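Since the structure comes first, as structure tokens, the remarks are kept for the end.
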Amino acid sequence: MHRLRAMVFTGIDPSFTETNAISAGDVVDGRFLTSDDGFVALVDKEYAELNNLTLGSTVTYAADFEVVGIVEVSATNIMKSHIYVNLPVVQEVLPEKPVGLVNMGLIRTTSPDKVTQTAAELEHLWPDSSTLTGLD
């Protein structure tokens with residue numbers, strides 16, 4: 001996730017169907033991203049309406065992207081963004097080239113009883129990180 005001006009730009013791995021910021025079910029027009037996609041993007045429906053973007057439009061954020069899908073994400077989604085593209089493309093086009101870096105991840109446990117344990121293990125593995133759980 002990258003924030004510039006009043007816009008949020010998020011890289012996703014479309015092969016992860018359960019732990020992404022968005023899913024194929026969020027697409028209301030067009031299509032979801034594929035792992036092979038390059039400079040194409042999904043855009044939030046409200047953002048598209050405010051900026052007169054439709055399928056085939058070009059949206060610019062660090063590079064030009066063709067809009068291939070419009071998404072409508074729940075307002076309660078903590079990862080809501082304006083533009084979604086493949087993660088490797090995001091890492092390539094951002095000025096600071098954050099290749100290999102992730103600044104936010106979603107982790108799912110096998111049981112709600114393991115949330116605290118999982119959070120502690122993640123903080124041990126990544127001491128410079130912080131966790132936010134549904135318990136917070």
Side-chain angles (χ1 to χ4, degrees):
M1 189 177 268
H2 190 263
R3 188 177 301 269
L4 178 68
R5 298 181 300 272
M7 183 189 315
V8 180
F9 183 65
T10 299
I12 64 169
D13 182 340
S15 65
F16 287 98
T17 58
E18 295 182 23
T19 57
N20 248 331
I22 59 171
S23 69
D26 295 320
V27 176
V28 294
D29 195 12
R31 67 172 178 85
F32 195 63
L33 297 177
T34 69
S35 296
D36 295 329
D37 279 332
F39 288 79
V40 299
L42 304 174
V43 295
D44 176 71
K45 182 180 177 183
E46 184 179 353
Y47 180 78
E49 289 170 354
L50 289 171
N51 292 282
N52 298 314
L53 298 170
T54 59
L55 297 179
S57 294
T58 298
V59 62
T60 302
Y61 187 97
D64 290 338
F65 298 91
E66 177 188 354
V67 176
V68 296
I70 308 292
V71 295
E72 189 165 24
V73 183
S74 165
T76 60
N77 184 327
I78 63 168
M79 300 274 293
K80 188 170 181 175
S81 184
H82 297 103
I83 303 169
Y84 304 87
V85 303
N86 274 342
L87 182 58
V89 176
V90 169
Q91 293 174 327
E92 180 59 32
V93 302
L94 290 179
E96 60 272 15
K97 301 271 189 243
V99 175
L101 300 178
V102 174
N103 66 0
M104 185 179 292
L106 301 177
I107 308 294
R108 186 172 69 172
T109 65
T110 56
S111 167
D113 298 334
K114 294 186 178 186
V115 170
T116 302
Q117 175 188 350
T118 301
E121 290 173 7
L122 291 170
E123 288 172 0
H124 176 75
L125 287 171
W126 297 307
D128 293 333
S129 70
S130 60
T131 59
L132 175 65
T133 71
L135 301 174
D136 296 333

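What you are looking at is a predicted structure, and each value in this text was computed from that prediction instead of being measured. For this chain, numbers begin at 1 and follow the sequence in order.
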Residue list, side chain to side chain contact (heavy atoms under 4.5 Å, CB included) with T54, at least two apart or on another chain: S57

Would you say that F39 contacts D64 through its side chain, given a criterion of any heavy-atom pair below 4.5 Å between the two side chains? no

Keeping D13 on the side-chain end and S15 on the backbone end, is there a donor-acceptor pair under 3.5 Å? yes

Closest non-hydrogen contact found for I70 with K45 is CG2-CA, 3.5 Å

For the backbone of V71 and the side chain of D26, can you confirm whether one donor and one acceptor N or O come within less than 3.5 Å of each other? no

To the nearest 0.5 Å, atom CD of E72 lies from atom CG of D44 at 8.0 Å

Can you name the residues that form a side chain to side chain contact (heavy atoms under 4.5 Å, CB included) with Q117, not counting sequence neighbours? K114, E121

Please report the interatomic distance CG(L42) to OH(Y47), rounded to the nearest 0.5 Å. 13.5 Å

Under a 4.5 Å cut-off applied to non-hydrogen side-chain atoms, are D37 and R31 in contact? yes

F32 versus P14, closest heavy-atom pair with distance: CE2-CB, 3.8 Å

Nearest heavy-atom contact between V43 and A48 is CG2-CB, 3.8 Å

Between N86 (side chain) and G38 (backbone), is there a donor-acceptor pair under 3.5 Å? no

Approximate separation, where rounding is to 0.5 Å, of L50 CG and H82 NE2: 8.0 Å

Looking at residues at least two apart in the chain, or sitting in another chain, which of them share a side chain to side chain contact (heavy atoms under 4.5 Å, CB included) with A41? V59, F65, I83, V85

